[in-house]
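Pasting a structure below so you can have a look.
This structure is a prediction, so every number in the text was calculated from the model and none was measured.
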Amino acid sequence: KNIKIIIIINKQISDDGARALSTLLMKPNKEGKPGQYIRHLDLSDNLIGSSGGKALGRALTVNAILERFSLKLNKLSDEGGVPIITGLASNTTLKELNLSSNSLGPLCSETLSDTLKRNDTLVNLYFTGNQIGEDGAKALISAARQNNSLTTFDLRATGASEDQIYDVTTILKQRTDAQKRTHEAEKEREMQETTEGAVKDWKERFYLGE
(Lines give C-alpha, C1' and ligand atoms only; values in the text may rest on other atoms or scores of the structure.)
Protein backbone atom coordinates (compact mmCIF):
# COMPACT_ATOMS: atom_id res chain seq x y z
CA LYS A 1 0.00 0.00 0.00
CA ASN A 2 1.33 3.46 -0.91
CA ILE A 3 1.13 5.50 2.30
CA LYS A 4 0.93 9.24 1.59
CA ILE A 5 0.24 10.67 5.06
CA ILE A 6 1.78 9.73 8.42
CA ILE A 7 0.51 11.52 11.54
CA ILE A 8 2.02 10.49 14.89
CA ILE A 9 1.19 13.19 17.45
CA ASN A 10 1.93 12.97 21.19
CA LYS A 11 3.01 9.32 21.10
CA GLN A 12 6.40 9.75 22.82
CA ILE A 13 8.30 9.09 19.61
CA SER A 14 11.99 9.25 20.54
CA ASP A 15 15.22 9.49 18.57
CA ASP A 16 14.99 5.78 17.76
CA GLY A 17 11.60 6.29 16.14
CA ALA A 18 12.87 9.32 14.24
CA ARG A 19 15.79 7.32 12.89
CA ALA A 20 13.45 4.58 11.70
CA LEU A 21 11.26 7.12 9.93
CA SER A 22 14.28 8.80 8.37
CA THR A 23 15.20 5.47 6.79
CA LEU A 24 11.73 5.31 5.27
CA LEU A 25 12.07 8.88 3.99
CA MET A 26 15.22 7.86 2.12
CA LYS A 27 13.92 4.57 0.72
CA PRO A 28 13.21 4.76 -3.04
CA ASN A 29 9.70 4.09 -4.33
CA LYS A 30 8.84 2.14 -7.50
CA GLU A 31 9.75 5.16 -9.61
CA GLY A 32 13.15 5.39 -7.95
CA LYS A 33 12.43 8.58 -6.00
CA PRO A 34 13.67 8.61 -2.37
CA GLY A 35 10.84 8.88 0.14
CA GLN A 36 8.38 6.19 -0.86
CA TYR A 37 5.06 8.05 -1.40
CA ILE A 38 4.92 10.01 1.88
CA ARG A 39 3.88 13.60 1.18
CA HIS A 40 2.78 14.65 4.67
CA LEU A 41 4.61 13.72 7.89
CA ASP A 42 3.45 15.11 11.26
CA LEU A 43 5.56 14.21 14.31
CA SER A 44 4.33 17.01 16.56
CA ASP A 45 4.52 16.87 20.36
CA ASN A 46 6.95 13.99 20.74
CA LEU A 47 10.39 13.44 22.30
CA ILE A 48 12.65 13.78 19.27
CA GLY A 49 16.02 15.27 20.21
CA SER A 50 19.33 16.05 18.56
CA SER A 51 20.09 12.51 17.35
CA GLY A 52 16.70 12.17 15.71
CA GLY A 53 17.06 15.62 14.20
CA LYS A 54 20.36 14.67 12.61
CA ALA A 55 18.82 11.55 11.06
CA LEU A 56 15.82 13.45 9.72
CA GLY A 57 18.12 16.15 8.37
CA ARG A 58 20.04 13.56 6.36
CA ALA A 59 16.74 12.26 5.02
CA LEU A 60 15.64 15.73 3.90
CA THR A 61 18.85 16.08 1.93
CA VAL A 62 17.90 13.24 -0.43
CA ASN A 63 14.11 13.03 -0.09
CA ALA A 64 12.22 13.87 -3.28
CA ILE A 65 8.58 13.35 -2.22
CA LEU A 66 7.76 15.02 1.13
CA GLU A 67 5.78 18.28 0.90
CA ARG A 68 4.60 18.95 4.48
CA PHE A 69 6.64 18.20 7.62
CA SER A 70 5.86 19.14 11.22
CA LEU A 71 8.22 18.70 14.18
CA LYS A 72 6.67 21.30 16.48
CA LEU A 73 6.83 20.70 20.23
CA ASN A 74 9.82 18.35 20.20
CA LYS A 75 13.26 18.65 21.81
CA LEU A 76 15.56 19.29 18.87
CA SER A 77 17.69 22.17 20.23
CA ASP A 78 20.25 23.74 17.90
CA GLU A 79 22.11 20.44 17.70
CA GLY A 80 19.14 18.70 16.10
CA GLY A 81 17.64 21.71 14.36
CA VAL A 82 20.69 22.74 12.34
CA PRO A 83 20.90 19.41 10.42
CA ILE A 84 17.20 19.65 9.48
CA ILE A 85 17.61 23.22 8.26
CA THR A 86 20.78 22.27 6.40
CA GLY A 87 18.92 19.39 4.72
CA LEU A 88 16.26 21.86 3.66
CA ALA A 89 18.84 23.78 1.64
CA SER A 90 19.11 21.00 -0.95
CA ASN A 91 15.51 19.79 -0.74
CA THR A 92 13.33 20.68 -3.74
CA THR A 93 9.88 19.34 -2.75
CA LEU A 94 9.13 20.50 0.81
CA LYS A 95 6.57 23.33 0.84
CA GLU A 96 5.72 23.52 4.54
CA LEU A 97 7.94 23.06 7.60
CA ASN A 98 6.94 23.55 11.25
CA LEU A 99 9.81 23.79 13.77
CA SER A 100 7.91 25.71 16.43
CA SER A 101 8.78 25.22 20.12
CA ASN A 102 11.97 23.19 19.78
CA SER A 103 14.40 25.25 21.89
CA LEU A 104 16.11 26.51 18.74
CA GLY A 105 18.48 29.42 19.20
CA PRO A 106 20.84 31.79 17.36
CA LEU A 107 22.78 29.03 15.62
CA CYS A 108 19.61 27.74 13.99
CA SER A 109 18.53 31.23 12.96
CA GLU A 110 21.93 31.81 11.35
CA THR A 111 21.74 28.51 9.46
CA LEU A 112 18.14 29.17 8.45
CA SER A 113 19.09 32.60 7.15
CA ASP A 114 21.64 31.03 4.78
CA THR A 115 19.19 28.29 3.76
CA LEU A 116 16.38 30.69 2.86
CA LYS A 117 18.68 32.46 0.43
CA ARG A 118 19.11 29.20 -1.51
CA ASN A 119 15.80 27.39 -1.13
CA ASP A 120 13.10 28.40 -3.61
CA THR A 121 10.49 25.73 -2.81
CA LEU A 122 9.40 26.36 0.79
CA VAL A 123 6.14 28.33 1.05
CA ASN A 124 5.11 28.09 4.72
CA LEU A 125 7.59 28.17 7.62
CA TYR A 126 6.55 28.13 11.28
CA PHE A 127 9.23 29.06 13.81
CA THR A 128 7.25 30.29 16.84
CA GLY A 129 8.34 29.64 20.39
CA ASN A 130 12.07 29.48 19.68
CA GLN A 131 14.43 31.98 21.28
CA ILE A 132 16.44 33.66 18.55
CA GLY A 133 16.22 37.26 19.78
CA GLU A 134 16.13 40.46 17.75
CA ASP A 135 19.52 39.84 16.10
CA GLY A 136 18.42 36.40 14.88
CA ALA A 137 15.13 37.81 13.67
CA LYS A 138 16.93 40.59 11.79
CA ALA A 139 18.99 38.04 9.84
CA LEU A 140 15.90 35.95 9.06
CA ILE A 141 13.89 38.94 7.87
CA SER A 142 16.74 39.92 5.55
CA ALA A 143 16.81 36.35 4.17
CA ALA A 144 13.02 36.31 3.79
CA ARG A 145 13.27 39.48 1.71
CA GLN A 146 15.72 37.73 -0.67
CA ASN A 147 13.75 34.49 -0.81
CA ASN A 148 11.24 34.22 -3.67
CA SER A 149 8.89 31.43 -2.55
CA LEU A 150 8.08 32.07 1.12
CA THR A 151 4.62 33.51 1.81
CA THR A 152 4.13 32.50 5.47
CA PHE A 153 6.86 32.95 8.10
CA ASP A 154 5.69 32.95 11.73
CA LEU A 155 8.21 34.53 14.12
CA ARG A 156 5.94 35.18 17.09
CA ALA A 157 7.29 34.43 20.59
CA THR A 158 10.87 34.22 19.35
CA GLY A 159 12.26 37.35 20.93
CA ALA A 160 11.62 39.31 17.74
CA SER A 161 10.32 42.83 18.31
CA GLU A 162 6.82 43.90 17.30
CA ASP A 163 8.35 46.04 14.55
CA GLN A 164 10.25 43.04 13.19
CA ILE A 165 7.16 40.86 13.16
CA TYR A 166 5.34 43.66 11.34
CA ASP A 167 8.20 43.93 8.84
CA VAL A 168 8.22 40.24 7.92
CA THR A 169 4.43 40.21 7.69
CA THR A 170 4.54 43.19 5.34
CA ILE A 171 7.26 41.68 3.15
CA LEU A 172 5.34 38.43 2.73
CA LYS A 173 2.02 40.17 2.11
CA GLN A 174 3.59 42.23 -0.66
CA ARG A 175 4.99 39.05 -2.19
CA THR A 176 1.64 37.28 -1.96
CA ASP A 177 -0.12 40.23 -3.58
CA ALA A 178 2.47 40.35 -6.36
CA GLN A 179 2.12 36.62 -7.00
CA LYS A 180 -1.66 37.00 -7.13
CA ARG A 181 -1.39 39.80 -9.68
CA THR A 182 1.01 37.74 -11.78
CA HIS A 183 -1.30 34.74 -11.65
CA GLU A 184 -4.31 36.84 -12.67
CA ALA A 185 -2.34 38.39 -15.54
CA GLU A 186 -1.25 34.98 -16.78
CA LYS A 187 -4.81 33.69 -16.56
CA GLU A 188 -6.10 36.68 -18.50
CA ARG A 189 -3.42 36.19 -21.16
CA GLU A 190 -4.30 32.52 -21.51
CA MET A 191 -7.99 33.40 -21.93
CA GLN A 192 -7.10 36.00 -24.55
CA GLU A 193 -4.92 33.52 -26.45
CA THR A 194 -7.72 30.93 -26.32
CA THR A 195 -10.24 33.47 -27.63
CA GLU A 196 -7.93 34.62 -30.40
CA GLY A 197 -7.27 31.00 -31.36
CA ALA A 198 -10.97 30.25 -31.52
CA VAL A 199 -11.64 33.33 -33.67
CA LYS A 200 -8.79 32.42 -36.02
CA ASP A 201 -10.09 28.87 -36.33
CA TRP A 202 -13.60 30.13 -37.07
CA LYS A 203 -12.32 32.50 -39.76
CA GLU A 204 -10.31 29.74 -41.42
CA ARG A 205 -13.33 27.44 -41.45
CA PHE A 206 -15.56 30.25 -42.78
CA TYR A 207 -13.25 31.15 -45.67
CA LEU A 208 -12.74 27.49 -46.55
CA GLY A 209 -16.50 27.07 -46.67
CA GLU A 210 -16.69 24.38 -44.01
Side-chain angles (χ1 to χ4, degrees), residues 1-29 32-116 118-119 121-133 136 139-140 152-159:
K1 185 177 180 179
N2 298 332
I3 300 174
K4 295 183 179 180
I5 300 175
I6 296 179
I7 299 177
I8 310 175
I9 299 175
N10 192 19
K11 297 296 183 182
Q12 298 188 348
I13 299 295
S14 64
D15 287 341
D16 288 341
R19 283 192 290 268
L21 285 166
S22 70
T23 300
L24 186 62
L25 291 175
M26 291 188 287
K27 185 177 180 180
N29 58 26
K33 293 183 178 181
Q36 290 294 294
Y37 297 92
I38 303 168
R39 298 190 179 279
H40 180 189
L41 177 59
D42 192 339
L43 300 176
S44 301
D45 199 7
N46 282 294
L47 304 174
I48 300 171
S50 59
S51 178
K54 291 176 182 177
L56 291 168
R58 287 192 295 271
L60 279 183
T61 302
V62 300
N63 183 278
I65 299 293
L66 195 63
E67 296 178 359
R68 297 176 61 193
F69 189 20
S70 178
L71 281 164
K72 69 178 180 180
L73 292 169
N74 274 280
K75 303 178 181 297
L76 293 174
S77 74
D78 277 353
E79 190 176 353
V82 166
I84 290 174
I85 295 168
T86 301
L88 180 64
S90 56
N91 185 283
T92 58
T93 59
L94 198 66
K95 297 178 180 178
E96 180 173 305
L97 177 63
N98 194 330
L99 293 175
S100 297
S101 301
N102 265 287
S103 300
L104 307 182
L107 185 57
C108 268
S109 64
E110 180 180 344
T111 306
L112 182 56
S113 175
D114 291 336
T115 295
L116 289 178
R118 289 180 284 169
N119 181 285
T121 308
L122 196 66
V123 177
N124 302 317
L125 177 58
Y126 301 94
F127 210 70
T128 60
N130 294 303
Q131 294 306 308
I132 60 174
L140 289 177
T152 300
F153 191 7
D154 197 341
L155 286 176
R156 292 174 298 170
T158 59

- Which pair of non-hydrogen atoms, one from S113 and one from A139, has the smallest distance, and what is that distance? OG-O, 3.3 Å
- Kindly say whether T128 contributes a backbone atom to a donor-acceptor pair with the side chain of D154 at under 3.5 angstrom? no
- Are the side chains of Q36 and I3 in touch, meaning some heavy atoms are under 4.5 Å apart? no
- Report yes if some heavy atom in the side chain of T115 is under 4.5 Å from a heavy atom in the side chain of L122; otherwise report no. no
- Residues forming a side-chain contact (heavy atoms from CB on, under 4.5 Å) with A157, sequence neighbours excluded: none
- Item | Flag side-chain contact, heavy atom, 4.5 Å: I48 against L76 | yes
- State whether a side-chain donor-acceptor pair under 3.5 Å links S44 with S70. yes
- Task: Compare every heavy atom of L43 with every heavy atom of F69, then report the nearest pair and how far apart it is.
- Result: CE1-CD1, 4.2 Å
- Task: Might you point out which heavy atoms bring I65 and Y37 nearest each other, and give the distance in Å?
- Result: CG2-C, 3.8 Å
- L112 vs L104 side-chain heavy atoms within contact, under 4.5 Å: no
- How many angstroms lie between CD1 in I13 and CD1 in I8, if you round to the nearest 0.5 Å? 4.5 Å
- Query: For L107, does its backbone N or O pair with a side-chain atom of T111 as donor and acceptor, under 3.5 Å?
  - Reply: yes
- Hey, are the side chains of T121 and N91 touching, using non-hydrogen atoms and a 4.5 Å cut-off? no
- Query: How long is the span from the OG atom in S50 to the CD1 atom in I84, to the nearest 0.5 Å?
  - Reply: 10.5 Å
- Evaluate the side-chain proximity of P106 to I132: yes if any heavy-atom separation is below 4.5 Å, no if none is. no
- Is there a donor-acceptor pair closer than 3.5 Å between any side-chain N or O of D45 and the backbone N or O of I9? no
- Task: Consider only side-chain N and O atoms of D16 and S14, and report whether a donor and an acceptor are under 3.5 Å apart.
- Result: no
- How far apart are the C-alpha atoms of L24 and I6, what are their side-chain angles, what is the distance that settles it, and do they pass the side chain to side chain contact (heavy atoms under 4.5 Å, CB included) test? CA-CA 11 Å; L24 186 62; I6 296 179; 4.1 Å; yes
- Query: Any sub-3.5 Å donor-acceptor pair from N46's side-chain atoms to N74's backbone N or O?
  - Reply: no
- Note on the structure: To the nearest 0.5 Å, atom NZ of K27 lies from atom OG of S22 at 13.0 Å
- Message: For G136 versus S109, what's the shortest heavy-atom pair and its separation?
- Response: CA-OG, 3.7 Å
- Interatomic distance, L94 atom CG to N124 atom CG [nearest 0.5 angstrom]: 10.0 Å
- Message: I'd like to check I38 versus L21 (side-chain heavy atoms, cut-off strictly below 4.5 Å). Are they in contact?
- Response: no
- N130 (side chain) donor-acceptor with L99 (main chain) under 3.5 angstrom: yes
- Query: Rounded to the nearest 0.5 Å, how far apart are CG of L60 and CG of L97?
  - Reply: 7.5 Å
- How long is the span from the CG atom in L73 to the OG atom in S100, to the nearest 0.5 Å? 7.5 Å
- Task: Can you run down the salt bridge (charged side-chain N to carboxylate O under 4.0 Å, His left out) pairs that involve residues 75-104, sequence neighbours left out, and say none if there aren't any?
- Result: K54-E79, R68-E96
- Query: Of the non-hydrogen atoms in G80 and P83, which two are nearest, and what is the gap between them?
  - Reply: O-CD, 3.3 Å
- Contact list for residues 56-67, test side-chain hydrogen bond (donor to acceptor under 3.5 Å, both in side chains), sequence neighbours left out: R39-E67
